[in-house]
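Input: a single structure, listed below in structure tokens.
Here, residue 1 is the first one in the sequence, and each next residue gets the next number.
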Amino acid sequence: MDIIPSHPYKTKSNAEYRLFKKLEEAFYNDHSYIAFHSLNLTHHKTKRFGEADFVILCKYGVFVLEVKGGGISYKEGNWFTINRNKQEFKIQDPFRQAEGAVHALDKKIREHFPSWCSIPIGYGVVFPDVTWKTSGSEWAPQAVCDEYKFRNIESWLTKFFRYWKEKNEKRKEFSTEQIKQLKAFFRPDFELVETLRSRIDKSTEQAVKLTEDQYKYLDIVVSNKRVLCSGGAGTGKTFLGAELARRLANEDKRVVFVCKSSWLRYYLQSQVTNQYVTISTIDSLSIDRKRAGIDKYDILIVDEGQDLFDFESIDSFENNLKGGLEQGEWYFFHDINNQAGLFIEIQADVLDLLDSYSPAKIPLTTNCRNTQPIINTIKDKLSLDMGSIGTGYGPEVEFLHEDDIDNPSAQLNTKINEIIKNGVSAQLITILSPHAYNDSGLRFLPEKLRKQIIELDDYSIRNFPIQNISFAEIKNFKGLENEVIIVIDLPRIEDKTIVSNKVLHYVAMTRARSLLCALSH
């Protein structure tokens, strides 16, 4: 049986860990059986947020398994768990939990695959620590796996599937193609990560599907206590950092997500809304901790780490993390090869220090932001690695030169109007320059067009993308992106002898998801 993810999510339930190992061993090398651990349910009938402990997908149907460890008692319609000290704690009815989860899945599948006439479904409850001898009208013995059956989970599952097949005798088994489609459907639809580009067209909340490569790396990151994760622009470092913060915070641990840019901080605060997660800049790290009434953070996550590889930042991390960097739990996401030098000069000894704490080193290589033309252009023009794959084909990159001395913004004016005329919404367009707004090439544009362009700041970035064309200095737009990027005021890309120009070109050009235009004088 295949199991997704390949490592169990962190949970307080030891019983879930044990069932995870059992399912790994069941139906060994039979890839037609697939189990999903901790599957989020976006449309639960009775809960705002639902979750299934385990979902099994195979030719016999879709099956939800609820897991309850420890002692169990049932009194007058109420369920209780019993700890080692014989103390009872009331819990939800596990059979109703499983039934509710399977019906939520059934509804979602029917909505997504309306041509599928009947979908075989079923549910069961696993009690790995007790012997089940109770009979009742509210549950079927075939849907219960107790301590005895747990020892040979494959045998119990075989009978469990047969039981539901007989109950669903009019429902056909899934074909290999249907299983493939459902596997692809479950993962993107119920495994969502908060995206930095989350409000487009009427502020509709978006979610992006992580690539299989990123899922693999996220599993690896979660299973390590200290990590140095490197990757070029567009490889999903910030996405993974935000998703990691959300998952770790679900364990009721205090997580701090640190970056250099105040813009990125404010933007992330509008996207990662969890009481256990603090989004902070390096300059406000200690102040934010004190305001939150926290002695030390349990977990440190650092984004754009190449901007924080200096000993002043390291001292701040040491003072705010339980156990410090040597003993504490931390995750650094960085692009030291391509984006270093915009804010600080990297101190090599800092990397040596972090290396001495034996972190897992994870390279991200899958580009999930830029189209192939953008990737190829940056590789060709800047001789920099952009990762592999990309998001597919898109418009060719355009390089334009403002040669009209009397009208230095003619090309820019024409290009903006052309893009809008072709049906692209203004909010999908961002103009980037190495200069501030009043010193940039925008000052030469006609007044009517200038009024349509909003200069981004600490406040407006919280609701990005805004309704207008946006403008930003390149260094402030790190970690952010938009569909269309127009880069202005940089030297011609062929003049890349100055390292800072090369970094500015790289940062600016990699912000584009679909269309990239670069104008130079």
_List the residues meeting side-chain contact (heavy atoms from CB on, under 4.5 Å) with A15, not counting sequence neighbours, and say none if there are none._
S13, V67, P128
*Only one of K475, K260, K478, K237 passes salt bridge (Lys or Arg N to Asp or Glu O under 4.0 Å) with E304; say which it is.*
K478
*Quick one: list whatever passes side chain to side chain donor-acceptor pair (under 3.5 Å) with Y331, sequence neighbours left out.*
E329
*To the nearest 0.5 Å, how far apart are CG in L57 and CD1 in I34?*
5.0 Å
*asked:* Does either side chain, that of D93 or that of Q97, offer a donor lying less than 3.5 Å from an acceptor on the other one?
replied: no
*Is the number of heavy atoms from other residues, nucleotides or ligands under 6.0 Å of F89 CZ greater than 12?*
yes
*Close side-chain approach of F471 and T430, heavy atoms under 4.5 Å*: no
_Just verifying a value: how many Å separate S262 OG and I279 CD1, rounded to the nearest 0.5 Å?_
13.5 Å
*Main-chain N/O of D315 paired with N319 side-chain donor or acceptor, under 3.5 Å*: yes
*Given I431, which of I486, V484, N482 fulfils the side-chain contact (heavy atoms from CB on, under 4.5 Å) condition?*
I486
*With distance as the sole test, does R246 use its side chain to make a donor-acceptor pair with the main-chain N or O of A242 at under 3.5 Å?*
no
*Does a donor on one side chain sit under 3.5 Å from an acceptor on the other, for S73 and E88?*
yes
*asked:* Going by the rule side chain to side chain donor-acceptor pair (under 3.5 Å), which residues pair with R18 if we only count those two or more places apart in sequence or in a different chain?
replied: D129
*When you measure from the centre of the six-membered ring of Y276, is the NZ or CZ of K253 under 6.0 Å away and within 45° of the axis?*
no
*Of all residues at least two apart in sequence or in a different chain, which pass the salt bridge (Lys or Arg N to Asp or Glu O under 4.0 Å) check with K290?*
none
*Using modelled atom types only, decide if a donor and an acceptor are shared between the side chain of T510 and the backbone of Y506 within a distance under 3.5 Å.*
yes
*V487 and L519, any side-chain heavy atoms less than 4.5 Å apart*: no
*asked:* Please enumerate all residues that pass salt bridge (Lys or Arg N to Asp or Glu O under 4.0 Å) together with E318, with sequence neighbours excluded.
replied: none
*Using modelled atom types only, decide if a donor and an acceptor are shared between the side chain of S440 and the backbone of Y437 within a distance under 3.5 Å.*
yes
*State, yes or no, whether a side-chain contact exists between N468 and I453 at a heavy-atom distance under 4.5 Å.*
no
*Name all residues meeting the side chain to side chain donor-acceptor pair (under 3.5 Å) criterion together with W330; count only those two or more places apart in sequence or in a different chain, and write none if there are none.*
none
*E481 bridged to R511 by N-O distance under 4.0 Å*: no
_Taking the side chain as everything from C-beta on, heavy atoms only, tell me whether S433 gets closer than 4.5 Å to I474._
no
_Donor-acceptor side-chain pairing of T281 and S284 below 3.5 angstrom_ = yes
*Evaluation steps, side chain to side chain contact (heavy atoms under 4.5 Å, CB included), between F309 and L351*: CA-CA 7 Å; F309 285 156; L351 273 177; 3.8 Å; yes
_Do L105 and V64 have side chains that approach each other closer than 4.5 Å (heavy atoms only, starting at C-beta)?_
yes
*Name all residues meeting the ring pair (Phe, Tyr, Trp, His ring centres under 6.0 Å) criterion together with F20; count only those two or more places apart in sequence or in a different chain, and write none if there are none.*
H37
*asked:* Using ring centroids (six-membered ring only for Trp), state whether W263 and F464 fall under 6.0 Å.
replied: no
*Contact list for residues 265-284, test salt bridge (charged side-chain N to carboxylate O under 4.0 Å, His left out), sequence neighbours left out*: R265-D288
_Looking at L264, is its backbone amide N or carbonyl O close enough to the side chain of S261 to form a donor-acceptor pair, meaning the two atoms are under 3.5 Å apart?_
yes
*Do D310 side-chain atoms and E312 backbone N/O form a donor-acceptor pair below 3.5 Å?*
yes
*Between the side chains of D303 and T238, is a donor N or O closer than 3.5 angstrom to an acceptor N or O?*
yes
*Short side-chain to backbone donor-acceptor contact, D298 and A249, under 3.5 Å*: no
*Do N320 and S286 have side-chain atoms, one donor and one acceptor, less than 3.5 Å apart?*
yes
*For K90, all residues meeting salt bridge (Lys or Arg N to Asp or Glu O under 4.0 Å), sequence neighbours excluded*: none
*Check whether any side-chain N or O of N370 sits under 3.5 Å from a backbone N or O of A512 as a donor-acceptor pair, and report yes or no.*
yes
_Going by salt bridge (Lys or Arg N to Asp or Glu O under 4.0 Å), name the residues that satisfy it together with E455, two or more places apart in sequence or in a different chain._
none
*Between the side chain of E66 and the main-chain N/O of P94, is any donor-acceptor distance below 3.5 Å?*
no
_Partner residues of R226 under the side chain to side chain donor-acceptor pair (under 3.5 Å) criterion, sequence neighbours left out_ = none
*asked:* Going by the rule ring pair (Phe, Tyr, Trp, His ring centres under 6.0 Å), which residues pair with F127 if we only count those two or more places apart in sequence or in a different chain?
replied: W132
*Look at the side chain of R450 and the backbone N and O of L445, then say whether any donor-acceptor pair between them is shorter than 3.5 Å.*
yes
_Derivation and outcome, side chain to side chain contact (heavy atoms under 4.5 Å, CB included), residues T377 and M509_ = CA-CA 9 Å; T377 298; M509 295 168 69; 4.0 Å; yes
*Ring centroid separation F332 to F317 under 6.0 Å*: yes
*Under the side chain to side chain contact (heavy atoms under 4.5 Å, CB included) criterion, do L456 and F477 qualify, and how do the steps go?*
CA-CA 9 Å; L456 295 172; F477 207 67; 4.0 Å; yes
*Verify side chain to side chain contact (heavy atoms under 4.5 Å, CB included) between I299 and R254, making sure each step is shown before the conclusion.*
CA-CA 6 Å; I299 299 169; R254 297 307 302 245; over 6 Å; no
